[in-house]
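Chain identifiers are assigned alphabetically (A, B, ...) following the order of the sequence lines, protein sequences preceding nucleic acid strands; residue numbering begins at 1 within each chain.
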Amino acid sequence: MEYTPRAFEKKWNRQWDESGLYKVSNDSDKPKYYVLDMFPYPSGAGLHVGHPLGYIASDIFARYKRLNGFNVLHPMGYDAFGLPAEQYAIQTGVHPAKSTEVNITRYRQQMDNIGFSFDWSREVRTCEPEYFKWTQWIFLQLFEHYYDNGLQAAAPITDLVARFSKTGTEGLEAACSETMNFSADKWNGFTKAEKEEVLMNYRIAYRKETFVNWCEELGTVLANDEVKDGVSERGGYPVERRPMLQWSLRITAYAQRLLDDMQPLEWSEAMKKMQSNWIGRSEGAQMFFDLLGFEEQIEIYTTRPDTIFGATFIVLAPEHDLVEKITTIDHKNAIEDYIEYVRTRSERERVSETKEVSGAFTGAYAINPFNGQRVPIWISEYVLKDYGTGAIMAVPADDERDNRFATKFDLPIIKIIDKSKYAWATMEDKVGVMINSDFLNGMEVKDAIQAVLEKLEEKNIGKRKINFKLRDAIYSRQRYWGEPFPISYDTDGVIHPISDLPVTLPELEDFKPASGGKSPLARAESWVNMDNGNMRETDTMPGFAGSSWYFLRYMDPKNSEAFAGQDAVNYWQDVDLYVGGTEHAVGHLLYSRFWHKFLYDKGLVPTNEPFKKLINQGMIQGVIEFMMLQKAEENGKKKFVCAKIAKERGEDGFARIPVLIDYVKDYGLETSYLNLESIQQFIKWRPEYKDAIFECGNGIFENGKFTSNGDATDSNLLTYSEVGKMSKSKYNVVNPDDVVEKYGADTFRMYEMFLGPVEQSKPWDTKGINGVFNFLRKLWGMFHDEEKFVISNEQPTKEELKVLHNAIKRVTDDIERFSFNTCVSHFMVAVNDLRKLKCNKSQILEQLIVLLAPFAPYITEELWYKMGFKDSVHKQVYPQFNADFLKEDAVEYPLSINGKRRASAKFATDLSKEDLEKMALAHPELQKWIEGKTVRKVIVVPGRMINVVVG
RNA sequence: GCCGAUGUGGCGGAAUUGGUAGACGCGCUGGAUUCAAAAUCCAGUUCACGCAAGUGAGUGAGGGUUCGAUUCCCUCCGUCGGUACCA
């Protein structure tokens with residue numbers, strides 16, 4: 001009987017759905033296990049073959065855990081707010097809610113096709129009011145809290161108010177935008193607006209004038225991690241820095257905890273490194289330089305306080321607050337010109353031209369607090385406003401950038417560290433002996449750092465300080481399709497939280513941004529102007545808002561009283577296994593951890609960290625195939641040339657035209673080509689090239705006719721192949737639906753796993769899929785003869801049991817270490833071996849089927865029922881491994897001479913080391929190699945190998 | 001530049017603690033079946049030399065430790081990802 005998977009896969013989809021097979025309860029005696037996928041953004045393009053890779057892996061694991069007696073939470077949902085839907089709306093007028101809904105329907109169909117065991121009754125969509133009500137609620141909590149550095153936890157802002165009215169800022173340790181000092185009396189004398197302003201300095205969700213990444217093209221602000229190389233990650237549009245009044249989240253308050261708590265997590269080293277680099281902790285000192293002729297001081301940050309005696313000038317960021325004040329009249333023009341120059345430079349230019357230094361002198365001087373020397377104050381774009389204090393002491397002898405700067409502007413360089421003992425050391429290595437440095441002379445750098453720190457604190461001119469690269473997260477977006485802020489402003493500009501949630505989006509006809517960098521919401525006047533005279537905040541929340549806590553909502557998705565009930569949260573605790581791509585390494589994963597910690601501080605979640613174990617699936621890329629179009633036309637005709645010929649003639653003369661990969665033979669290879677038939681397909685697809693000339697390897701194809709330049713009656717046109725993203729514009733998208741339609745979902749699932757380790761990226765290639773399909777056909781064949789289902793009830797032989805238990809052991813071990821590709825090969829081995837033994841015994845097959853069920857849920861269910869069982873294979877108990885069946889009487893030993901295998905022989909398992917040695921030496925094959933030489937040593941590893949050392 | 005991965009047949013990849021390198025699959029070659037083809041089945045397939053038995057080489061390159069290294073150590077090269085005037 002033939003294996004025709006589509007005949008029963010649809011049936012089981014229906015059945016599973018109707019019987020609620022994958023529904024999971026919050027009330028169970030079983031231990032819990034939470035397997036989570038990063039939920040997708042439902043884009044218009046639908047899923048391609050790369051998306052399900054991680055979903056398949058997590059689905060196998062979830063099913064495996066279920067068979068092993070766990071109550072498994074395995075949900076799915078949609079990250080449904082986002083820019084593409086809004087841009088689509090601007091272009092077409094289709095409401096984002098509508099297009100999102102359509103896309104979700106498509107995604108759901110595609111996922112259903114693959115047989116995932118998601119509990120769809122728990123689906124969440126971030127764009128739905130029942131969901132974002134709680135996103136808004138969490139935002140309000142962030143707004144109503146400050147971060148207490150003493151407690152190392154968030155605390156209610158009301159506590160802070162009480163404290164201020166009693167003791168002012170006295171002894172306060174709290175995360176803030178800028179350090180404040182006032183007494184209780186002063187606080188009590190503040191107006192309401194003034195008090196609000198002070199509190200804003202402490203709130204975890206706060207509003208402030210900030211330099212932001214403004215993207216004109218998108219009409220919105222972007223977070224740092226949404227900007228890549230000075231352009232927007234989505235769309236690649238230019239981004240500029242501009243000051244704007246924005247909501248931000250004080251993630252920096254959690255920097256140290258975000259760093260420390262990562263340690264015990266089962267995340268890849270790479271992932272942890274990416275996060276800790278992004279957090280960017282550094283230890284150093286804050287130091288104050290007096291200004292010559294001004295009362296203010298300049299606060300600098302340095303990790304190298306030991307180099308203070310080599311500090312020959314100060315550099316401020318061009319945006320630094322003091323610049324305007326200290327600039328002398330005769331330098332005013334130069335400074336203004338320079339600031340203007342910096343403003344015109346895009347982030348990209350600033351980054352790309354790193355070797356070129358520029359700057360301007362303010363005319364002002366500061367005093368080195370250690371030796372009283374006068375040092376000039378310059379400004380330069382290489383000092384960043386956002387990092388440290390926006391001011392540095394420049395030590396040209398010991399820092400490469402300072403050195404370039406000093407050389408260019410002819411500033412003094414004082415050598416302060418003798419590195420002659422450390423020939424390998426570069427300028428920046430923290431080694432050497434201090435010279436020209438007063439009380440530090442003769443000290444090693446390490447000791448000098450400590451000595452200066454002590455002195456700083458003793459003289460009260462600075463102190464130890466830990467600094468982070470991590471910036472607060474900008475939380476306002478000037479967009480329509482996002483969560484509205486539950487915030488309004490009264491006529492005095494005082495902020496009022498709106499506690500009646502959710503605050504929903506108004507209807508709009510036009511989704512274009514409003515003028516003046518405002519969100520489209522600003523145009524919905526009746527919505528903006530509230531009955532009480534207040535005006536609503538018109539910005540919306542960023543993409544990461546909804547995705548920062550969605551994993552908690554799955555625990556209790558229908559709850560209307562809380563983001564999730566305490567019972568549910570206490571039962572499910574945290575995510576045991578999280579599967580997703582590396583692209584979220586610093587964005588989503590960092591924000592989620594931050595929100596989770598905040599909720600933990602509030603006692604709303606029982607765990608400190610949300611994701612215990614993280615697996616990063618690789619990307620499945622596409623192959624992009626190009627045809628080489630000659631730039632110069634020939635006799636007024638366009639001309640395509642074989643890629644090989646193009647290469648010989650110099651590729652500059654050719655343009656690459658992507659071609660639909662379906663037309664290309666052997667795609668992805670150096671030898672990929674179009675034959676005459678596929679050239680005609682191409683012309684049909686792209687009629688603008690119907691008159692083109694095609695210069696193939698062995699002749700010319702033109703006007704439907706091939707003219708050979710030799711004997712060939714046919715010829716190929718080689719294409720140029722490249723590995724890259726799957727995308728519509730590259731005509732290389734492979735839809736999983738097509739693969740499933742042709743081979744069935746089980747084959748698709750197993751083939752994706754068989755491709756290689758899940759963590760690895762690789763180009764999609766359908767060539768090997770037949771191997772997996774054949775495997776399932778063979779399996780099917782074991783249960784059937786020519787026309788009907790037939791299995792035997794005989795007792796299995798020792799050999800058959802050995803095959804089965806070998807498979808159980810290997811598959812189980814490999815699932816545990818997420819090595820799914822090798823699992824597939826173990827199954828293949830088992831089926832091949834059992835077929836050789838002509839085994840169709842139910843006692844063997846039943847167990848094999850349960851073992852395979854997580855990988856191939858359909859064929860196993862079909863066979864299970866055919867075997868006469870009444871309950872789903874997916875509710876069975878995982879096969880128990882029994883080592884007794886693997887015991888052998890004899891072992892095949894490799895016999896080596898000097899580590900090189902020369903023969904092999906079967907010896908009984910229970911032989912002693914001495915016996916093994918004797919028997920090995922007596923082996924005729926080995927004798928040949930030993931003859932005429934001395935046996936120096938014999939190494940015997942029982943059960944493994946025997947090695948004879950001769951010489 | 002820094003950080004992290006990674007490099008194994010024609011291809012995807014396997015080898016969990018140092019112990020028979022190349023499992024499994026694709027592809028290819030030969031054979032069976034067939035009027036023929038597809039499909040299927042059987043056999044072979046790291047490379048070089050050889051009819052063969054066999055011999056030699058071989059996990060990016062070079063060195064080291066070891067009876068024995070794809071695995072551990074050092075130096076270098078390539079590819080991919082992250083990050084970058086971070087004081």
Side-chain angles (χ1 to χ4, degrees), chain A residues 228-229 268-278 280-282 284-285 300-304 307 315 317 350-357 380-384 386-395 398-402 404-405 426 428 467-470 582-583 585-586 616 618-619 666 668-669 723 751 754-757 759-763 765-772 774-775 777-778 781 810 813-814 816-817 819 821-829 832 892-904 936-941 943-951:
Chain A
K228 288 255 148 77
D229 301 325
S268 72
E269 216 39 54
M271 192 59 53
K272 289 186 185 179
K273 258 279 151 50
M274 274 189 232
Q275 288 223 349
S276 63
N277 285 345
W278 193 258
R281 183 185 196 271
S282 70
I300 62 108
Y301 174 75
T302 178
T303 54
R304 295 297 304 276
T307 61
V315 188
R350 286 212 208 177
V351 169
S352 58
E353 297 165 29
T354 56
K355 288 283 167 271
E356 200 49 40
V357 280
S380 173
E381 61 177 351
Y382 84 83
V383 176
L384 308 175
D386 293 338
Y387 184 73
T389 59
I392 60 160
M393 63 177 205
V395 185
D398 212 54
D399 181 283
E400 234 170 280
R401 291 155 320 176
D402 297 349
R404 262 185 269 133
F405 197 85
T426 66
E428 322 249 325
N467 208 13
F468 296 94
K469 269 196 251 181
L470 184 69
T582 28
E583 65 271 24
V586 288
N616 294 112
M619 266 221 295
D666 295 343
L669 300 179
V723 171
Y751 181 59
F754 192 54
L755 236 34
E759 296 95 333
Q760 232 167 68
S761 290
K762 53 233 152 188
D765 172 13
T766 331
K767 280 190 215 90
I769 198 164
N770 262 314
V772 174
N774 276 340
F775 155 73
R777 276 184 38 215
K778 287 182 197 168
R810 285 161 184 261
D813 287 355
D814 285 357
E816 288 286 351
R817 60 187 186 103
S819 175
N821 55 330
T822 51
C823 288
V824 177
S825 86
H826 300 323
F827 282 119
M828 288 172 168
V829 170
N832 287 342
E892 181 90 14
Y893 278 92
L895 307 175
S896 310
I897 300 290
N898 294 343
K900 185 88 189 159
R901 192 185 73 93
R902 294 301 179 183
S904 62
R936 301 204 186 274
K937 204 177 186 182
V938 180
I939 287 132
V940 178
V941 184
R944 277 265 183 212
M945 47 70 66
I946 299 165
N947 185 24
V948 182
V949 185
V950 299

- Query: What residues, two or more places apart in sequence or in another chain, satisfy ring-ring contact (aromatic ring centres under 6.0 Å, His included) together with A:F754?
  - Reply: none
- Residue set satisfying salt bridge (Lys or Arg N to Asp or Glu O under 4.0 Å) with A:R401, at least two apart, ordered chain then number -> A:D399
- Note on the structure: Secondary structure of RNA chain B per the Watson-Crick/G-U criterion (both distances under 3.5 Å; [ ] crossing, | other strand, . unpaired) is (((((((..(((......[....)))((((((.......))))))((((....))))..(((((..]....))))))))))))....
- Message: In whole Å, measure the gap between the P atoms of B:rG7 and B:rG12 for me.
- Response: 12 Å
- Report yes or no: do A:T822 and A:S825 form a side-chain donor-acceptor pair below 3.5 Å? no
Strictly under 3.5 Å: I want the nitrogen or oxygen pairs between protein and nucleotides 39-48 of chain B, one per line.
| unit_1 | atom_1 | unit_2 | atom_2 | d |
| --- | --- | --- | --- | --- |
| B:rU40 | OP1 | A:N774 | OD1 | 3.1 |
| B:rU40 | OP1 | A:R777 | NH1 | 3.3 |

- Message: Just to verify, what does A:Y893 make a ring-ring contact (aromatic ring centres under 6.0 Å, His included) with, not counting sequence neighbours?
- Response: A:F907
- Identify, with sequence neighbours excluded, every residue that meets ring-ring contact (aromatic ring centres under 6.0 Å, His included) alongside A:F405. A:F313, A:W378, A:Y382, A:F409
- With sequence neighbours left out, what residues match A:R944 under salt bridge (Lys or Arg N to Asp or Glu O under 4.0 Å)? none
Listing time: all N or O pairs from protein to nucleotides 56-60 of chain B that are below 3.5 Å?
| unit_1 | atom_1 | unit_2 | atom_2 | d |
| --- | --- | --- | --- | --- |
| B:rG56 | OP2 | A:R902 | NH1 | 3.2 |
| B:rG58 | O6 | A:K900 | NZ | 3.4 |

What protein N or O atoms touch nucleotides 12-18 of chain B N or O atoms at under 3.5 angstrom, if any, and at what distances?
| unit_1 | atom_1 | unit_2 | atom_2 | d |
| --- | --- | --- | --- | --- |
| B:rG12 | O2' | A:L755 | O | 2.6 |
| B:rG13 | OP1 | A:Q760 | OE1 | 3.0 |
| B:rG13 | O3' | A:N821 | ND2 | 3.3 |
| B:rA14 | OP1 | A:N821 | ND2 | 3.1 |
| B:rA15 | OP1 | A:R817 | NH2 | 2.9 |

- Task: Kindly write out the residues that satisfy salt bridge (Lys or Arg N to Asp or Glu O under 4.0 Å) with A:D398, not counting sequence neighbours, or none if the list is empty.
- Result: A:R304, A:K419
Quick one: which protein N/O atoms are closer than 3.5 Å to N/O atoms of nucleotides 64-73 of chain B? Pair and distance per line, please.
| unit_1 | atom_1 | unit_2 | atom_2 | d |
| --- | --- | --- | --- | --- |
| B:rC67 | O2' | A:N947 | ND2 | 3.3 |
| B:rC67 | O2 | A:N947 | ND2 | 2.6 |

- Set of residues satisfying side chain to side chain donor-acceptor pair (under 3.5 Å) with respect to A:N898, sequence neighbours excluded: none
